[in-house]
Trainee: 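One structure follows; several queries about it will come next.
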Amino acid sequence: MDLTTALDARDATVCVVGAGGKKSVLFALADRLDRAVVTATVRIPIFDDRVAAVRVTGDPVAAVGEAAGNDWPLGLVPERDRSDRYLGYDAETVAEIADVAPGATLVKADGARLREFKAPGDREPQIPATADVVVPIASAHVVGEPLSADLVHRPERVAAITGRALGDEIRPADVAAVLASDAGGLKGVPDGATAVPVVNKVDDEADAAAARAVAEGVLDHANVPRVLLTRLIADDPIVEVVS
């Protein structure tokens with residue numbers, strides 16, 4: 001199964017949340033889909049080198065209509081924020097973009113401050129009500145590490161979901177609990193949308209064993225069709241599909 005099929009991404013609005021590979025999912029899909037739009041409902045690092053063109057515009061719907069053949073995949077953002085990142089649109093504007101986009105609309109829908117694992121804050125994620133697919137992501141590299149701010153964004157929220165204490169070793173069951181939780185990876189998934197969790201950074205057999213255990217835990221506790229084990233920097237990013 002290829003990545004676009006595994007994520008049901010063709011001609012869909014795909015929102016990626018969590019930590020440990022959100023942007024990698026977006027760009028891997030953009031590289032594999034015809035005439036994709038890449039955008040965000042939150043801040044996103046500068047990504048001009050990962051798409052064919054970026055339009056900084058307050059009228060993204062018009063920008064989609066004006067895009068030429070060599071503009072795809074097309075990045076759309078409302079304005080620059082500091083030197084290293086763009087702001088995102090509100091969720092309603094992203095829904096309007098998706099209405100006119102000729103292919104998939106790929107959306108970064110929360111932030112993680114470069115951590116490997118997270119649980120969402122009160123105002124996260126920012127997912128359009130019209131989203132077709134939500135991709136909650138976590139890194140296999142957190143398994144065996146302490147539950148602390150070094151690798152985890154909002155570790156206290158992860159602790160609340162898992163019943164663990166700050167500083168405890170993160171187990172596959174803990175990652176699974178967060179990915180499968182309505183307060184974690186499944187928070188804000190619209191009615192009718194499909195959630196497809198991803199465990200990324202599966203770089204060796206130890207990572208794969210941990211990721212399989214995470215996937216099995218997610219499938220035991222959440223109504224999702226499959227969990228992907230990935231190494232998104234690879235030419236063939238899917239390591240395994242667990243269903």
Trainee: Check this for me, if you would: do R10 and D132 make a salt bridge, where the nitrogen-to-carboxylate-oxygen distance has to be below 4.0 angstrom?
Mentor: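 Result for this pair is no, no salt bridge flagged.
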Trainee: Say whether V227 and I161 are linked into one hydrophobic cluster, either directly or through other cluster members, by side-chain heavy-atom distances under 4.5 angstrom.
Mentor: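 Yes: a chain of side-chain contacts under 4.5 Å links V227 to I161.
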Trainee: Can you measure from OH (Y89) to CD1 (I97) and round to the nearest 0.5 angstrom?
Mentor: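 Atom-to-atom, Y89:OH and I97:CD1 are 5.5 Å apart.
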Trainee: Without swapping roles, check the side chain of R164 against the backbone of E169 for a donor-acceptor pair under 3.5 Å.
Mentor: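 Checking the backbone N and O of E169 against the side chain of R164, a donor-acceptor pair under 3.5 Å is found.
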Trainee: Mind checking whether T105 and T39 have side chains closer than 4.5 Å, heavy atoms only?
Mentor: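 SC-SC contact between T105 and T39 confirmed.
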Trainee: For residues 11-32, tabulate all N or O donor-acceptor pairs below 3.5 Å that involve a side-chain atom, not counting sequence neighbours.
Mentor:
residue: K22; atom: NZ; partner: G18; partner atom: O; Å: 2.5
residue: R32; atom: NH1; partner: A28; partner atom: O; Å: 2.9
residue: R32; atom: NH2; partner: D235; partner atom: O; Å: 2.9

Trainee: Only one of L232, L228, L179, V199 forms a side-chain contact (heavy atoms from CB on, under 4.5 Å) with I137, so which one is it?
Mentor: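 Result for side-chain contact (heavy atoms from CB on, under 4.5 Å) with I137: L232.
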Trainee: Would you check if V224 and V218 make a side-chain contact, meaning some heavy-atom pair closer than 4.5 Å?
Mentor: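 Yes, close enough: below the 4.5 Å cut-off.
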Trainee: Using the rule that Ile, Leu, Val, Met, Phe, Trp and Tyr join whenever any side-chain heavy atoms are under 4.5 Å apart, tell me whether V198 and I238 fall into a single cluster.
Mentor: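 V198 clusters together with I238.
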Trainee: State which residues pass side-chain hydrogen bond (donor to acceptor under 3.5 Å, both in side chains) with E124; sequence neighbours excluded, sorted by chain then number.
Mentor: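 Per chain and number, E124 pairs via side-chain hydrogen bond (donor to acceptor under 3.5 Å, both in side chains) with K118, R154.
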Trainee: Identify whether Y86 and V107 are in the same connected component of the hydrophobic contact network (ILVMFWY, side-chain heavy atoms under 4.5 Å).
Mentor: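 Hydrophobic grouping puts Y86 apart from V107.
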Trainee: Would you please say whether a donor-acceptor pair under 3.5 Å links the side chains of E116 and S139?
Mentor: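 The answer is yes; a qualifying pair exists.
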Trainee: Do R231 and E240 pass the salt bridge (charged side-chain N to carboxylate O under 4.0 Å, His left out) test, and can you show the C-alpha distance, the side-chain angles, and the key distance before you say yes or no?
Mentor: CA-CA 10 Å; R231 187 171 184 263; E240 189 173 336; over 6 Å; no
Trainee: Ignoring hydrogens, what is the shortest heavy-atom contact between A211 and L229? Give both atom names and the distance.
Mentor: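 Nearest pair, atom of A211 first, then L229: CB-CG, 3.6 Å.
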Trainee: Do P60 and T93 touch side chain to side chain, with heavy atoms closer than 4.5 Å?
Mentor: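 P60 vs T93: side chains touch.
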Trainee: Do other residues, nucleotides or ligands put more than 12 heavy atoms under 6.0 Å from the CG atom of N223?
Mentor: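 Incorrect, the count does not exceed 12.
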Trainee: Assess whether atom CG of D203 is packed by more than 12 heavy atoms of other residues, nucleotides or ligands within 6.0 Å.
Mentor: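 Enclosed.
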Trainee: Could you give the distance from OG1 (T130) to CD (E96), rounded to the nearest 0.5 Å?
Mentor: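 One gets 9.5 Å once the value is rounded to the nearest 0.5 Å.
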Trainee: Is it the case that one hydrophobic cluster holds both I46 and L87, taking links as side-chain heavy atoms less than 4.5 Å apart, direct or via other members?
Mentor: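 Unlinked, I46 and L87 end up in two clusters.
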Trainee: Side chains of D59 and T57: donor-acceptor distance under 3.5 Å anywhere?
Mentor: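 Result is no, nothing qualifies.
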Trainee: Once you round to the nearest 0.5 Å, how far does NZ of K201 lie from CG of D204?
Mentor: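 If we round to the nearest 0.5 Å, K201:NZ and D204:CG are 13.5 Å apart.
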Trainee: Is there a side-chain contact between V175 and V142 (heavy atoms, below 4.5 Å)?
Mentor: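 The answer is yes, as the side chains (C-beta and beyond) meet within the 4.5 Å cut-off.
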Trainee: How long is the span from the OG1 atom in T41 to the CG atom in D110, to the nearest 0.5 Å?
Mentor: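 Between atom OG1 of T41 and atom CG of D110 there are 8.0 Å.
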Trainee: Give me the atom names and distance for the closest heavy-atom approach of T230 to V239.
Mentor: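 For T230 versus V239, the nearest heavy atoms are C-CG2, 3.9 Å.
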Trainee: For V37 versus L76, what's the shortest heavy-atom pair and its separation?
Mentor: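 In terms of heavy atoms, the two residues are closest at CG1-CD1, 3.8 Å.
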Trainee: Can you check side chain to side chain contact (heavy atoms under 4.5 Å, CB included) on F47 and V38, steps first, answer last?
Mentor: CA-CA 10 Å; F47 61 100; V38 179; 4.0 Å; yes
Trainee: Decide yes or no for V152 and I170: does some side-chain heavy atom of the first lie under 4.5 Å from some side-chain heavy atom of the second?
Mentor: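 Side-chain contact under 4.5 Å: yes.
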Trainee: So, does R212 use its side chain to make a donor-acceptor pair with the main chain of A215 at under 3.5 Å?
Mentor: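 Absent.
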Trainee: Would D71 and R55 pass as an ion pair if we require N to O under 4.0 Å?
Mentor: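 Looking at R55 together with D71, the answer is yes, because their closest N to O distance falls below 4.0 Å.
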Trainee: State whether R226 and D8 are salt-bridged, where the test is any N-O pair (Lys NZ or Arg NE/NH1/NH2 against Asp/Glu carboxylate O) under 4.0 Å.
Mentor: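 Result for this pair is yes, salt bridge flagged.
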Trainee: Give the minimum heavy-atom separation between P190 and V134, together with the two atoms involved.
Mentor: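 Answer, listing the atom of P190 first, then V134: CD-CG2, 4.1 Å.
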Trainee: Check R43 with D81, please: is the shortest side-chain N to carboxylate O separation under 4.0 Å?
Mentor: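 A salt bridge is present here (some side-chain N lies under 4.0 Å from a carboxylate O).
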Trainee: Indicate if L106 and I44 have the same hydrophobic cluster label, given that clusters are the connected sets of ILVMFWY residues with side-chain heavy-atom separations under 4.5 angstrom.
Mentor: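 Hydrophobic grouping puts L106 with I44.
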Trainee: Just wondering, do P120 and K187 contact through their side chains at under 4.5 Å, heavy atoms?
Mentor: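 Answer yes - side chains close enough.
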Trainee: Please name the pair of heavy atoms, one in V51 and one in P73, separated by the smallest distance, quoted to 0.1 Å.
Mentor: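 The pair with the smallest heavy-atom distance is CB-O, 3.4 Å.
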Trainee: Side chains of N200 and H141: do they bring a donor and an acceptor to under 3.5 Å?
Mentor: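 No donor-acceptor contact under 3.5 Å links the two side chains.
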Trainee: Looking only at non-hydrogen atoms, find the nearest pair between A149 and R115 and report the distance.
Mentor: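 For A149 and R115, the tightest heavy-atom pair comes out as O-NE, 2.7 Å.
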